[in-house]
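Chain identifiers are assigned alphabetically (A, B, ...) following the order of the sequence lines, protein sequences preceding nucleic acid strands; residue numbering begins at 1 within each chain.
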Amino acid sequence: MTAGPQKKGMARPQIAWRAAQDIPDGAIVNLGIGMPLGIPNYIPAEREVILHSENGLLGMGPPAKEGEEDWELVNAGTLATTLLPGGSYFHHADSFAMIRGGHIDICALGAFQIAANGDLANWNLGDGVRTPTVGGAMDLAVGAKRVFILTDHNARDGGAKIVEECTLPLTGLTCVDRIYTDLAVIEVTATGLVVLEHIEDMSFEELQDKTGAELQQSADWKPLEAPDLD
Amino acid sequence: MTAGPQKKGMARPQIAWRAAQDIPDGAIVNLGIGMPLGIPNYIPAEREVILHSENGLLGMGPPAKEGEEDWELVNAGTLATTLLPGGSYFHHADSFAMIRGGHIDICALGAFQIAANGDLANWNLGDGVRTPTVGGAMDLAVGAKRVFILTDHNARDGGAKIVEECTLPLTGLTCVDRIYTDLAVIEVTATGLVVLEHIEDMSFEELQDKTGAELQQSADWKPLEAPDLD
Amino acid sequence: MINKQVSNLTVALAEIENGATVMAGGFGDAGSPNDLIHGLLECQLKGLTLIGNGVVAEDFGQGRLITAGCVVKYIASFPRGPGTTIFDAGTPTAHIELEVVPQGTLAERIRAGGAGIPGFYTGTAFGTPLAAGKETRQIDGKDYVLEQAITADVALIMAKHADRWGNLVYSKSGRNFNPIMAMGAKLTIVQVEEIVELGELDPETIATPGIFVDRVVEVENPTTLYGEP
Amino acid sequence: MINKQVSNLTVALAEIENGATVMAGGFGDAGSPNDLIHGLLECQLKGLTLIGNGVVAEDFGQGRLITAGCVVKYIASFPRGPGTTIFDAGTPTAHIELEVVPQGTLAERIRAGGAGIPGFYTGTAFGTPLAAGKETRQIDGKDYVLEQAITADVALIMAKHADRWGNLVYSKSGRNFNPIMAMGAKLTIVQVEEIVELGELDPETIATPGIFVDRVVEVENPTTLYGEP
């Protein structure tokens, strides 16, 4: 008896790690709920990155420790958080002026579907059962200078999340700049999806098979690697 | 030899005094440059009135005393002023949100011309020589809940300032609610100009002669009176 | 003399009518005027239109007002908070009319309402179902949606400190929707932990000048979702 | 590490080009970044579009920049301050293109520029010469004018204190146009009396978060129109 084939690809913290490497010193970053929240754990220590939380924080710190929560100080996921020295508070209209006005350097979001042209669907499963909740996703998709998507390459049922055209209700049009998955790092360009990196033990053809839109391999593509993380 | 006939009508401080009597306790008031600035001197002591200054003050106090000026604390005429306990500071967009959003109870302005329908001209003499300066007049004219005009009844050359139709460039349409002059207090109503008060030693007919628009006399009109003021 | 302090929640909430449009501040439980919202239940109002960011818990705050049957329409960006099923198909609240608005558009529409701006253009939601039926316009080669101001009959607001003029100082992320909602309602009612003497609030820290506030009630120990304040 | 402090006015004002659109804060002399404005003179720039509330004195601040011939267009609400004749017919500055904008519309257009709102409707100026040629629209029975956002290449800002992230705290009515102009420029340059350690500014008092600021220069004794600061 042999063990079944091990799932290929990176673990979720590794996806966050990989995205974190692309966040430059001094960047102002907004993080969506889910995988993006892992990013601050993996930003190289010498870089100073300022986190924006759309509920009115700039310079957000790590989550509050258990027992030290201040429920007047929460993040966009309504969890207790902290403020770093240099942080500031402001109201919702000012906060989204920052977003809509193009002052956020990078926002990292999750996704249900990403289209080849950068269209994003991440707010509404359209199943008619669960009430859709949009939050700040549409504002961020349109307003942030760069939109990173962190996502499993494929849905749980194996279906493609990167597709020629989104079938789910859209969050924003041609807004995604880069996609980080367990299998690859893909840049959305004017001429289509360009694979910058993919995991070494998967061929480009195999990656293409798992993707619902045409991929191009960057001439200077690199293997996608991340350290082992807990 | 006899002295020439004394000029009939109230002095400028008396016009301000008369307008001040119509400002209720608790009102939030914005005062234009000129005669309106005299109003706070004459508000009955038992009334608490909050002054708004469009450059970002609420709860403005009296002008700064000579030698005690703080030039970071100025009024809308850029003169050094003070802030009362309870006062607050805010930026220009917030300040005009108060004005445009209908949060100012009364604004008192000067005028070049006022039309029978409440149109106001007070920003541009249209002489093609002096550069016109509008400041906050158009925002106040449209935004304040009530617009009081304090003005000499007639121009220096004796010409009417209250007219059927303004000939000077307009500040706002149908925005004036009440006019305080040296001769009368006139309400702008949907059916025309109604004289609420006029000075006793001038007949209604004489007042009409000095006015460029048709006046109606209120059934319960009163004599316009004010105390002697320095 | 100006004194916006009222003696208790009942007085604070007096004269709100059936069918009123009510905005309530708060994001998560931060800055949520829970005592005012729960107090509103005792007014036994019907047919309210409620505007807020979203429901945090089904039997608390805005959620309680909705599940109690007071609300016929809810305008929110995140109507169903994590862990709730409110408004989902098959739930008792599924029939409530929902207007889901992107959070930044919701905030800007509310600010616009308070600022006398009846409408504005935004790129947010262009080409998505949340802009369906809305007028669009291209400006300098980019696509925008025309959005309309939101105003309300009543705003329920939570702040930390107030004075008798109604000046408000908030605590941390408790600002959120509160300062802009305070601007946009005919009747703005505020609960604060403490009302201080006029002049005690730092004029540089007053995020809501009293011009926007009608009534202030002191609730020393505000009700919170997570226990002790 | 983020450090927006620059060593002197020359470095602060580097890389501004001929023909740039420059906004300058200040109302009267309060909050006027006079050292940055006067410093800009030494850049010997031509063809600037200047945006500000107005000229306070002909040979000081914005007035000096204009009379020196650097400016081809001025967008202002009160272009000619009391006691000045600048821009009047027959003066050397009469040829400068003037766009006179109602003060509230000017402020809102600048905020809109920083907030990603390309246009909005306002009742201000409807039916007056300052709305001539502008699109109008009736909304709920009232008449409005469509106004467009203003953005700039450079904003010159005056604040009281800053830190290395560019967070700004203002003094009294020195806020005026500064916080909204800081939002709306590609390059926001600030003069402050003192740069303090990160964390020293009260987060509740920071009226301009550092996100809007690019460069901060310390000018301990700022030049003022009325003498000693």
Side-chain angles (χ1 to χ4, degrees), chain A residues 33 53-57 60 69-83 87-102 119-121 123-124 126-143 166 168-175, chain C residues 25 27-31 53-54 56 76-82 84-91 93-94 98 100-108 110-112 122-131 143 160 170-181 207-208 224-227 229:
Chain A
I33 298 170
S53 185
E54 59 262 39
N55 57 316
L57 308 176
M60 186 168 64
E69 295 94 346
D70 175 350
W71 294 105
E72 289 293 284
L73 179 44
V74 301
N75 65 18
T78 75
L79 301 174
T81 187
T82 56
L83 194 78
S88 54
Y89 303 114
F90 33 85
H91 63 55
H92 248 84
D94 282 348
S95 185
F96 280 84
M98 294 178 188
I99 293 171
R100 202 190 303 102
D119 285 357
L120 172 66
W123 71 286
N124 187 347
D127 60 8
V129 177
R130 301 233 62 192
T131 300
T133 56
V134 68
M138 287 192 182
D139 310 278
L140 284 161
V142 164
C166 294
L168 292 173
L170 289 180
T171 302
L173 271 61
T174 64
C175 56
Chain C
F27 182 93
D29 202 41
N53 185 62
V56 182
S77 89
F78 214 90
R80 170 185 54 74
T84 74
T85 60
I86 196 163
F87 311 119
D88 284 1
T91 67
T93 48
L98 266 188
V100 179
V101 182
Q103 201 169 117
T105 297
L106 181 62
E108 192 68 11
I110 292 167
R111 178 195 176 272
T122 174
T124 299
F126 180 85
T128 78
L130 295 190
D143 292 310
K160 183 86 171 173
Y170 298 90
S171 172
K172 308 187 181 77
S173 73
R175 290 196 198 192
N176 57 67
F177 283 92
N178 284 302
I180 51 176
M181 286 182 171
T208 294
T224 70
L225 182 61
Y226 303 100

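- When heavy atoms are compared at a cutoff of 4.5 Å, A:L73 approaches chain C by way of both its backbone and its side chain.
- Side-chain contact check for C:T122 versus A:R100: some heavy-atom pair is nearer than 4.5 Å.
- Contact of A:N75 with chain C is made through the backbone alone, with heavy-atom distances under 4.5 Å.
- Residues C:Q103 and A:F96 form a side-chain contact, since some pair of their non-hydrogen atoms from C-beta on lies under 4.5 Å apart.
- Expressed to the nearest 0.5 Å, how far CG of A:L83 lies from NZ of C:K172 amounts to 9.5 Å.
- Inter-residue side-chain proximity for C:F126 and A:L173 is flagged as met; some heavy-atom pair is nearer than 4.5 Å.
- Interatomic distance, OG of C:S173 versus CD of A:E54, reported as 11.5 Å (0.5 Å rounding).
- Note: C:Y226 and A:W71 have parallel aromatic rings, judged against thresholds of 30 and 60 degrees for the angle between ring planes.
- Of the listed residues A:P169, A:G56, A:G135, the one with more heavy-atom pairs under 4.5 angstrom with chain C than any other is A:G135.
- Neither the backbone nor the side chain of A:S88 comes within less than 4.5 Å of any heavy atom in chain C.
- Contacts between C:L98 and chain A at a heavy-atom distance below 4.5 Å involve the side chain alone, from C-beta outward.
- In this structure, CG in A:N124 is found 8.0 Å from CG in C:L130, a value given to the nearest 0.5 Å.
- Summarising the geometry of C:G28 relative to A:T78, their closest heavy-atom pair is CA-CG2, 3.5 Å, with the distance given to 0.1 Å.
- Looking at heavy atoms from C-beta onward, C:P79 lies in side-chain contact with A:T133 at the 4.5 angstrom threshold.
- Within the 4.5 Å cutoff, the side chain of A:D139 has heavy atoms near those of the C:T105 side chain.
- Using a 4.5 Å cut-off on side-chain heavy atoms (C-beta onward), C:K160 and A:E72 make no contact.
- You'll find the side chain of C:T85 reaches within 4.5 Å of the side chain of A:R130, heavy atoms only.
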